[in-house]
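All remarks here apply to the structure that follows.
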2 protein chains.
Amino acid sequence: MAMIVSGEQTPIARKISTHAVIRTVMANGPISRADIAKRTGLSKQTISEVVRDLEQDGWLKPTGRTDGRPGRTAITYELDAAAGLAVSIDLGGTKIAAAICDLLGNIVAELKVPTDRRGGIHLVEQFCRTISDLNALAGTSSDSLRLIVLGTPGVLDPATGHIHAAPNIPGVEAINLRQLLSETLDIPVIIENDVNLAAEGERWRGHGIDVDNFAFVALGTGTGMGIIANGALLRGARGAAGEISYLPIGGDPFDPGGFNLGTFETAVGSMAMTRRYVGFGGRQGATVADLFNAFECGELSAVAAIEETARLTALAIAAIGATLDPELVIMGGSIGARPELVEAIRRYLPRCTPDPPRIEISHFGNRAALIGGMGIAVDHMHDDLFGVDLGEP
Amino acid sequence: MAMIVSGEQTPIARKISTHAVIRTVMANGPISRADIAKRTGLSKQTISEVVRDLEQDGWLKPTGRTDGRPGRTAITYELDAAAGLAVSIDLGGTKIAAAICDLLGNIVAELKVPTDRRGGIHLVEQFCRTISDLNALAGTSSDSLRLIVLGTPGVLDPATGHIHAAPNIPGVEAINLRQLLSETLDIPVIIENDVNLAAEGERWRGHGIDVDNFAFVALGTGTGMGIIANGALLRGARGAAGEISYLPIGGDPFDPGGFNLGTFETAVGSMAMTRRYVGFGGRQGATVADLFNAFECGELSAVAAIEETARLTALAIAAIGATLDPELVIMGGSIGARPELVEAIRRYLPRCTPDPPRIEISHFGNRAALIGGMGIAVDHMHDDLFGVDLGEP
DNA sequence: CTCATTTGTCAAGGTAATGGACAAATCGTG
DNA sequence: CACGATTTGTCCATTACCTTGACAAATGAG
């Protein structure tokens with residue numbers, strides 16, 4: 001009923017001090033208490049108290065001593081990485097990638113398994129098995145896991161976490177995957193669109209470091225985009241921000257047939273690409289890999305197919321640029337990350353938009369979403385543990 | 001050098017309490033000290049002290065007493081609106097609108113003058129004259145002004161405030177309007193794109209209240225869009241977010257001729273509309289107003305011109321929707337706010353995009369940017385006066 | 001070994017917030 | 001009109017946190 005501004009137990013002032021100490025330690029690596037005092041402006045006394053509490057609770061640990069300078073040697077402290085472990089899972093149509101990471105974002109264990117094609121409830125079981133495999137691999141225990149971040153294809157409701165449309169994975173629209181997994185393992189689960197996670201991955205440790213406005217464009221079987229705007233993930237009102245499948249580019253958007261897949265996806269998805277290749281005179285039944293091989297050999301129909309895809313993608317990036325004004329567009333996905341395609345896009349872009357954004361190929365390739373999940377997990381653990389909430393009247 | 005976490009003079013704890021009190025008073029109107037205590041969770045004693053300090057500094061003032069309920073009557077306090085005044089200026093190609101508002105966002109004085117066509121430095125002089133006219137009108141003094149928010153057309157550099165392209169106003173690209181005005185009057189000046197301000201206006205007190213994701217689309221002589229994403233203004237990397245003039249819609253984006261105005265603006269600006277009207281057989285030399293009059297009379301060429309503009313705008317909104325997933329699109333500008341056009345857009349939209357956003361006509365019409373400037377000014381004054389900064393190591 | 005230098009602890013003092021007691025002021029009711 | 005119930009606002013003692021200054025501990029340089 002009444003708003004509580006000071007925390008339930010720990011008073012607000014000590015919370016803020018603790019927060020400042022943690023942030024200083026995280027930003028400056030192994031560091032002595034005296035140094036923390038200088039950087040935070042708090043007194044040595046206070047720092048000693050806060051550090052003692054944090055060490056008792058297992059968050060900080062002494063890691064070494066200073067030397068080489070005059071004066072008494074100082075004990076240096078560091079975040080105890082093992083104090084918080086999290087799992088990141090990237091659920092794909094054919095494969096599941098999963099990893100355990102610690103509080104500092106170090107990868108402790110990582111593995112990949114084929115997706116259980118039965119989908120639905122069987123996926124929950126598979127996740128649990130995979131997590132226990134990861135624990136065995138890393139020598140950790142399920143008890144020390146604090147959080148699971150799950151990346152899936154499809155549009156997610158920002159509020160409930162319900163998956164609206166995931167064409168490649170059967171039986172996930174009927175169940176609440178997030179809730180089921182969370183209740184089974186008794187751990188909080190964050191669910192997020194996989195392309196959004198890929199964008200987060202690039203922001204965390206890829207090309208997007210220190211870039212406040214960029215987009216991750218994925219082209220593969222389907223199309224999608226993750227947006228970082230003002231330094232944060234942009235989900236939109238219904239979680240459908242970045243659903244570029246429906247861009248009115250590459251076809252007639254008023255054609256009711258385009259509603260199933262979306263105009264843009266119909267024009268540049270892998271189906272469209274091979275169809276176009278065949279249309280230009282390429283070999284019947286060719287896959288996208290065949291197409292790029294043919295391009296390598298200089299086959300004209302392959303060149304034409306890729307050029308057209310690049311032209312349409314450049315138009316899409318122009319539309320995105322006119323809306324979001326990103327500094328950078330990162331290309332990913334089995335098609336989008338191909339250097340030949342990206343090179344062609346770079347050629348087309350300045351011809352259809354003034355002041356085009358920089359174009360880069362994903363730094364993490366198909367691991368971007370997995371990495372992004374870890375980034376979110378680490379940020380979330382930090383917020384959870386050390387965040388300061390001022391309340392909202 | 002050293003990071004100061006606690007404020008220079010006022011300790012952090014008192015700052016937070018003060019902040020909580022201010023927010024509670026702002027949110028709950030006239031309110032007694034006991035009530036503040038209940039809502040914030042702080043003790044009555046603390047509230048009394050904080051309120052006494054705030055009253056001494058002129059921020060709060062007692063406004064009345066409670067009655068009608070059992071128990072001792074309470075003195076109710078309110079923000080002293082006159083403690084902070086700000087100016088909002090909307091610089092247009094033909095007119096300048098300006099207003100003074102107080103800390104609560106009440107409009108104290110408002111006026112409109114024709115823009116000095118000589119532009120450049122003369123605008124600074126005109127702003128100063130207008131502000132002193134406003135002061136005379138409101139009976140206030142220049143000394144109590146804390147902030148000026150200036151809205152202009154064109155793309156602004158988010159860092160420097162430099163105006164990059166403002167076709168309607170001569171001589172503003174060569175000078176730093178923000179800096180000049182700020183130095184002349186010795187008041188901080190915030191400069192912002194006018195369509196962004198219009199979006200802020202709708203967010204503050206228009207259709208965008210409590211809507212975290214929406215876009216304000218302006219169609220008139222030119223085209224533009226202001227974006228509220230995640231509840232905040234989206235400027236993009238170079239301040240060009242929402243520059244929908246360059247959307248690759250309504251023409252061939254690879255046509256080098258489209259670079260001057262942008263493909264979309266070339267297709268739906270007022271020039272394009274009248275040209276299209278004439279092309280469909282309308283009267284030579286007709287203005288946009290004539291066109292809408294003709295539509296009113298059921299003239300087929302006018303109907304066709306408006307239908308085509310609506311069709312293209314629906315496509316643009318589809319593209320914006322695929323990127324941003326707004327809950328709402330607010331239409332503004334001399335053309336965009338026309339009900340006939342909006343009605344047509346509403347008809348076209350479901351045919352080219354699934355799950356289309358709500359479409360509304362601007363709540364403030366051509367005053368939206370002026371109102372938005374006030375909203376920003378009020379928010380900024382609040383942050384300035386009562387914001388809590390935790391520092392950043 | 002001695003001195004300068006830096007680290008870390010101890011003790012004392014100050015500020016802000018809490019909680020309880022209590023006076024002040026008002027409404028409702030007999 | 002008096003009295004109890006109720007709410008407001010102040011006073012006082014106590015607690016929690018942070019700071020200052022003094023001082024012991026530990027180390028490199030000469």
Side-chain angles (χ1 to χ4, degrees), chain A residues 1-21 24-25 28 30-56 60 62-77 388 390-391, chain B residues 2-21 24-25 28 30-55 60 62-77 388 390-391:
Chain A
M1 176 63 71
M3 289 297 311
I4 306 296
V5 164
S6 45
E8 285 301 322
Q9 294 302 327
T10 316
I12 186 94
R14 173 55 64 96
K15 246 192 181 169
I16 293 174
S17 303
T18 305
H19 186 237
V21 168
T24 308
V25 173
N28 303 84
I31 189 175
S32 72
R33 279 173 287 178
D35 204 358
I36 299 173
K38 276 181 211 140
R39 284 170 192 273
T40 57
L42 295 161
S43 68
K44 289 190 291 179
Q45 173 68 0
T46 304
I47 300 299
S48 281
E49 285 173 28
V50 170
V51 167
R52 190 190 334 111
D53 290 354
L54 284 171
E55 194 181 348
Q56 258 171 20
L60 289 185
T63 51
R65 313 184 132 267
T66 56
D67 67 338
R69 292 189 314 163
R72 175 174 167 177
T73 55
I75 303 170
T76 55
Y77 289 83
V388 178
L390 298 180
Chain B
M3 289 298 309
I4 306 296
V5 163
S6 44
E8 286 301 319
Q9 296 300 327
T10 317
I12 186 90
R14 174 52 65 97
K15 246 191 182 169
I16 292 174
S17 302
T18 306
H19 185 238
V21 168
T24 307
V25 173
N28 303 85
I31 189 175
S32 73
R33 278 173 289 177
D35 205 358
I36 300 174
K38 275 181 213 139
R39 285 169 192 274
T40 58
L42 295 161
S43 68
K44 289 190 290 180
Q45 172 69 1
T46 304
I47 301 299
S48 280
E49 286 173 27
V50 170
V51 167
R52 192 194 327 116
D53 290 355
L54 284 170
E55 192 181 352
L60 289 185
T63 50
R65 313 184 132 265
T66 56
D67 67 339
R69 290 190 313 161
R72 174 173 168 178
T73 55
I75 305 171
T76 55
Y77 289 83
V388 177
L390 298 180

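FYI, side chains are in, hydrogens and waters are out, and symmetry mates aren't considered; it's all heavy atoms of this structure. These figures come from a predicted structure and were not determined experimentally. By convention in this document, chain letters (A, B, ...) are assigned in the order of the sequence lines, proteins followed by strands, and residues within each chain are numbered from 1.
In terms of modelled atom types and a separation under 3.5 Å, the side chain of Thr76(A) and the main chain of Gly64(A) share a donor-acceptor contact.
Taking atom CD1 of Ile75(B) as the reference point, atom C1' of dT26(C) lies 14 Å away to the nearest angstrom. In this entry the distance linking CD1 of Ile36(A) with C1' of dC18(D) reads 16 Å, nearest Å. Distance Ile31(B) CD1 to dG9(D) C1': 15 Å, rounded to the nearest Å. Atom CD1 in Ile47(B) sits about 14 Å away from atom P in dA16(C), given to the nearest Å. Between Asp53(B) atom CG and dA17(C) atom P there is a gap of 10 Å when expressed in whole angstrom units. Following rounding to the nearest Å, Asp35(B) (CG) and dT7(D) (P) show an atom-to-atom distance of 12 Å. Here dT19(D) presents its P atom at 12 Å from CD1 of Ile16(A), a figure rounded to the nearest Å. What separates NZ of Lys15(B) from C1' of dC18(D) is a distance of 17 Å, to the nearest Å.
Contact between the side-chain N/O atoms of Arg14(A) and the OP1/OP2 oxygens of dC18(D) is found at a separation under 4.0 Å. A close approach under 4.0 Å does occur between a side-chain nitrogen or oxygen of Ser17(B) and OP1 or OP2 of dA17(C). Taking side-chain N and O atoms only, Ser48(B) has no distance below 4.0 Å to OP1 or OP2 of dG9(D). The side chain of Lys38(A) contributes no N or O atom lying less than 4.0 Å from OP1 or OP2 of dG8(C).
Between the side chains of Arg39(A) and Thr24(A), no donor-acceptor pair of N or O atoms lies under 3.5 Å.
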Does Ile16(A) form a side-chain contact (heavy atoms from CB on, under 4.5 Å) with Ile16(B)? I'd like the steps, not just the answer. CA-CA 11 Å; Ile16(A) 293 174; Ile16(B) 292 174; 3.2 Å; yes

Intermediate values then yes/no, side-chain contact (heavy atoms from CB on, under 4.5 Å), Asp35(A) and Asn28(A): CA-CA 10 Å; Asp35(A) 204 358; Asn28(A) 303 84; over 6 Å; no

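Not counting sequence neighbours, the partners of Gln45(B) by the side-chain hydrogen bond (donor to acceptor under 3.5 Å, both in side chains) test are Glu49(B).
When all heavy atoms are compared, the tightest approach of Arg33(A) to Ile47(A) is O-CG2, 3.7 Å. Considering every non-hydrogen atom in both Thr40(A) and Ala20(A), the closest pair reads CG2-O, 4.1 Å.
When distances are taken from the side chain of Ala34(B) to each of dT9(C), dT10(D), dT8(D), the shortest belongs to dT8(D). Closest to the side chain of Thr46(A), out of dT7(C), dT18(C), dC18(D), is dC18(D). Among the nucleotides dG9(D), dC18(D), dG8(C), the one closest to any side-chain atom of Leu42(A) is dC18(D).
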5' to 3', nucleotides 20-30 of chain D under a 4.0 Å protein heavy-atom cut-off (B base, S sugar-phosphate only, - none) gives B---BBBBS--

